[in-house]
**Q** 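Sending over a structure as structure tokens; questions will come in a sec.
Each chain gets a letter, A, B and so on, in the order its sequence line appears, and its residues count up from 1.
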There are 2 protein chains.
Amino acid sequence: MEPLKNIDVLIDGGMILSMNKDRQVIDKGAIAISGDSIVQVFSSDQLSKDQAAKKVINAEGMVVIPGLINAHSHLAMTLFRGLLEDLELHRWLEKVWKYELSSLNEENVCVGSKLALAEMIRGGVTCAHDMYWYYEAVMALSEEIGFRLISGPPITGIGGLDFDSMVAQARNVLENAEKYHYVIPIIQAHSTYTTTPRMMDTVLELKEEFGVAFTTHASENKSEVEDVTERFGLTPIELLQSYKLLDDKTILAHCVQLNDEEIEMLSESGTHVAHCPESNLKLGAGIARIGEMLEAGINVCIGTDGPASNNDLDLFGEMRTAALVQKGLYNDPKILKAIEVLEMATINGAKAYGIDHLTGSIEPGKKADIVLVDFRKTHLTPRNDVYANLVYSATKADVSTVLIDGRLQMEAGELVAFDEDALMADVQSISDKFE
Amino acid sequence: MEPLKNIDVLIDGGMILSMNKDRQVIDKGAIAISGDSIVQVFSSDQLSKDQAAKKVINAEGMVVIPGLINAHSHLAMTLFRGLLEDLELHRWLEKVWKYELSSLNEENVCVGSKLALAEMIRGGVTCAHDMYWYYEAVMALSEEIGFRLISGPPITGIGGLDFDSMVAQARNVLENAEKYHYVIPIIQAHSTYTTTPRMMDTVLELKEEFGVAFTTHASENKSEVEDVTERFGLTPIELLQSYKLLDDKTILAHCVQLNDEEIEMLSESGTHVAHCPESNLKLGAGIARIGEMLEAGINVCIGTDGPASNNDLDLFGEMRTAALVQKGLYNDPKILKAIEVLEMATINGAKAYGIDHLTGSIEPGKKADIVLVDFRKTHLTPRNDVYANLVYSATKADVSTVLIDGRLQMEAGELVAFDEDALMADVQSISDKFE
């Protein structure tokens, strides 16, 4: 192998799970990074002595995976963690909206979101969707930290907001997409149960004009489906279809209550599903029929939903829950293998939001969004099936080192860009005032 | 408060969740330990300056809970972790038995069990049930380490073993119970599907003679219930009742496939249930009706089952899965509150095995089996509901310090009695030979 030049970071000696389309695994591999990008992935024994790099990260004993992608969340809801226990969805929403309308401002949303970014980086998440208030400030925060954030102005029929100004804001963000390096601007609508025909038409116009991803909540629980059906004479999925909003640039969060025809509609249109199993269970919404969605060829990714209904932003926990619960739902241990769940949490999320040219796998040419998981642990021994160990036995705490866009965000358990003690104190003091 | 005398360890400054019958919480408390026992639990501000202790553990920022009790497991199956993925229970059992009969010996069972003890202590488990081969060697190991082990010779109709010698061994262990300090000897039978009438009669005799706890697998999945019903004309639960084996000294593992009458039978007889949700899901067995069992007044505790079907010995993960899945099963977020799940993992396990005078809560007079969970973490901030944070957001990696019987087993993340690197290498090399 020719010696590589201009290598900024070399990650050497770990087992690399590339999550590329061949599911390539290198038992003892190296990743060469130049600037923000991966330039080569190869076996460590091909490494010549003169392979100079500004920084070498020793990955011995580590399993190296692409950064995880949290495909659906509401980051600043860290502020509400533990405040909304044992409530049904409609009661839960009432309480959330009460807190949101009475207590939130740009400053406390940024503090809550910053805690969320720290928590996610600690847990190996390098890219996350966010749907929340004060999104522009949170986008700026994410740029400052260097975290890949999928966000945009949520268009919603609640909260007494002015529709025209909401759309103008959305248009403004989308027109200025190139000013962001880390943020991926998308179109968002809250849900079909907070929508109007005018809102749906506007979403379609924006979709056609800007060609970016669109996401919304859909069919999260039975009462939502009943409400929407009563109001519009169509289920949430049918309603979205009637407004031409189902296609391969649409990501629907939840999709717990789908009938066979609706699964077929998502499959035929190429619509993506963001599965949030822990939130769905915790709010008593039910269990999405992921086994059948995968069977139908639907691209399913994984999200944590907000920490007020989960109660964390932990994709390791979410992968485990997803795998276990589907096996339980179908009484079939062969459904949803560990490697498929890891795909859901990495490359499938990237595909859903149209960013699989940037992230979601470890391949030359992609951005260096990379996570080192320390396998030198009793609960990860023996290592007979590395994917099973990752999904069933590893926790977020086994994440040791995290790079986003070639930049170190955590090294050997230490976060680079956060004063965590101050941040935790700030969040506690904000949250204390909610009661 | 009078100054206490002869204090060996003082744990000071943490939030104490006593898990006693009043569910007492002390926001900033202290626990005084003398020898192996808790002598006093009190508010830190009552602490006088002359409160001398040989060792003071600063618990500031920590939440202090009773040691967790793993109510059903097969410890040495750490050796098989990741070897038995995506298999149905009967195929899974076939493969396990093949490995067990061809490859196990006293030495490798002890190595696998030792890894299990290390893994459990790291995860805040201070007492565990074990049903496995070479139990006497594992009991000796547990005495040596100082881990509270609930074990005994498993009586089983499989493996071509000599029944009389199996019973003689069981009798020998029970007659010599007083030679153990840490081990709690019990009576074990593998299951109703590996049983004979003679075996059941013998179990009853041993129960009546020694008055200790008895445990067996029961109604884990549909095919087991069908097989037993076909063979005996009775379901597993009915069969156990017909042999007078249902009472308040019996703990049944799994109980996934119970009908209403069987729930009633367990309730009326005072029989305990060891719930193993992750193993049940992973093997496609189903979801136990825990909500209705609790409603019926059954004492439910939690186990991980063996690491070959879980794939770990993590009671934090198990508590979360238990809570989430019950809410999902009943479509009711109000079922199984976080505090109830923590009771299942602590005091309920102690009650089931008749050792609640020794452990399961933090109370004067009980043994000092105590776990400090470090809450100074982003994912545990804010602390609005300490039980919800413990069950939904904490992981085993947040456990910082563990005492069993007043002895420090882990301090600030460092295990006392294990050479983990050597142990992990040994387990990997044993497991490598299984393929």
**Q** Looking at A/Ala388, A/Ala425, A/Ala397, A/Gly286, which one has more heavy-atom pairs under 4.5 Å with chain B than the rest?
**A**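 Winner by heavy-atom pair count: A/Ala388.
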
**Q** Name the option with the most non-hydrogen atom pairs under 4.5 Å to chain A; the candidates are B/Leu281, B/Asp385, B/Thr78.
**A** B/Leu281

**Q** Donor-acceptor check, side chain of A/Gln428 to backbone of B/Thr381, threshold 3.5 angstrom: yes or no?
**A**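 No, A/Gln428 side chain to B/Thr381 backbone: no donor-acceptor pair under 3.5 Å.
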
**Q** Just give me the residue among A/Glu420, A/Arg376, A/Gln326, A/Lys334 that pairs up with chain B most often, heavy atom to heavy atom, under 4.5 Å.
**A**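 Between A/Glu420, A/Arg376, A/Gln326, A/Lys334, the count favours A/Lys334.
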
**Q** Does any heavy atom of chain A fall under 4.5 Å from the side chain of B/Leu79, the backbone, both, or neither of them?
**A** backbone

**Q** Counting only non-hydrogen atoms closer than 4.5 Å, does B/Leu283 touch chain A with its backbone (N, CA, C, O), its side chain (CB onward), both, or neither?
**A** backbone

**Q** Do B/Asp86 and A/Lys327 meet the salt-bridge criterion of a basic N to acidic O distance under 4.0 Å?
**A**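 Between B/Asp86 and A/Lys327 there is a salt bridge, with a charged N closer than 4.0 Å to a carboxylate O.
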
**Q** At a 4.5 Å cut-off on heavy atoms, which part of B/Arg91 comes close to chain A: side chain, backbone, both, or neither?
**A**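 No part of it gets close to chain A.
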
**Q** A/Arg320 and B/Gly317: which non-hydrogen atoms are nearest, and at how many Å?
**A**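 A/Arg320 and B/Gly317 have their closest heavy atoms at NH2-CA, 4.0 Å.
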
**Q** Would you mind checking which part of A/Ile430 comes under 4.5 Å of any heavy atom in chain B, side chain (CB onward), backbone (N, CA, C, O), both or neither?
**A** neither

**Q** Which bit of B/Thr395 comes within less than 4.5 Å of chain A, counting heavy atoms only: side chain, backbone, both or neither?
**A** side chain

**Q** Based on non-hydrogen pairs under 4.5 Å, which of A/Gly328, A/Ala285, A/Ala338 is most in contact with chain B?
**A**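 Most pairs with chain B among the choices: A/Gly328.
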
**Q** Looking at B/Met120, B/Lys222, B/Lys396, which makes the most heavy-atom pairs under 4.5 Å with chain A?
**A**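 Top option by heavy-atom pairs under 4.5 Å: B/Lys396.
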
**Q** Check whether B/Asn331 gets within reach of chain A through its side chain, its backbone, both or neither, counting any heavy atom under 4.5 Å.
**A**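 It is both, since atoms from each part get that close.
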
**Q** Against chain A, label B/Arg122 side chain, backbone, both or neither, depending on which of its atoms sit under 4.5 Å from a heavy atom there.
**A** side chain

**Q** Chain A heavy atoms under 4.5 Å from B/Lys377: which part of the residue, side chain, backbone, both or neither?
**A**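 The answer is the backbone of B/Lys377.
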
**Q** Output yes when a side-chain donor or acceptor of A/Thr378 lies under 3.5 Å from a complementary backbone atom of B/Leu115, and no otherwise.
**A**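 Here the side-chain-to-backbone pair does not exist.
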
**Q** Kindly indicate whether the side chain of A/Tyr387, heavy atoms from C-beta on, has any atom under 4.5 Å from the side chain of B/Glu85.
**A**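 The answer is no, as the side chains (C-beta and beyond) never meet within the 4.5 Å cut-off.
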
**Q** Select, from A/Leu87, A/Leu329, A/Thr321, A/Val386, the one with the greatest count of heavy-atom pairs under 4.5 Å involving chain B.
**A**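 It is A/Leu87.
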
**Q** May I ask you to name which of A/Asn221, A/Asp312, A/Leu324 has the most heavy-atom pairs under 4.5 Å with chain B?
**A**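 Top option by heavy-atom pairs under 4.5 Å: A/Leu324.
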
**Q** Do the non-hydrogen side-chain atoms of B/Asn389 and A/Arg81 ever get within less than 4.5 Å of each other?
**A**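 Yes. Closest side-chain heavy atoms under 4.5 Å.
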
**Q** Quick check: are there more than 12 heavy atoms from other residues, nucleotides or ligands sitting under 6.0 Å from CD of B/Glu94?
**A** yes

**Q** May I ask you to name which of B/Gly82, B/Gly112, B/Pro277 has the most heavy-atom pairs under 4.5 Å with chain A?
**A**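 Max contact count across the listed options: B/Gly82.
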
**Q** When you measure from the side chain of B/Asn311 to the backbone N and O of A/Ser393, does any donor-acceptor pair fall under 3.5 Å?
**A** no

**Q** How close do B/Pro382 and A/Ser431 get, heavy atom to heavy atom, and via which atoms?
**A**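 Heavy atoms only, the tightest pair is CG-OG, 3.4 Å.
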
**Q** For B/Glu278, which atoms come within 4.5 Å of any heavy atom of chain A: side chain, backbone, both, or neither?
**A**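 Interface part for B/Glu278: both.
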
**Q** Chain B heavy atoms under 4.5 Å from A/Asn310: which part of the residue, side chain, backbone, both or neither?
**A** backbone

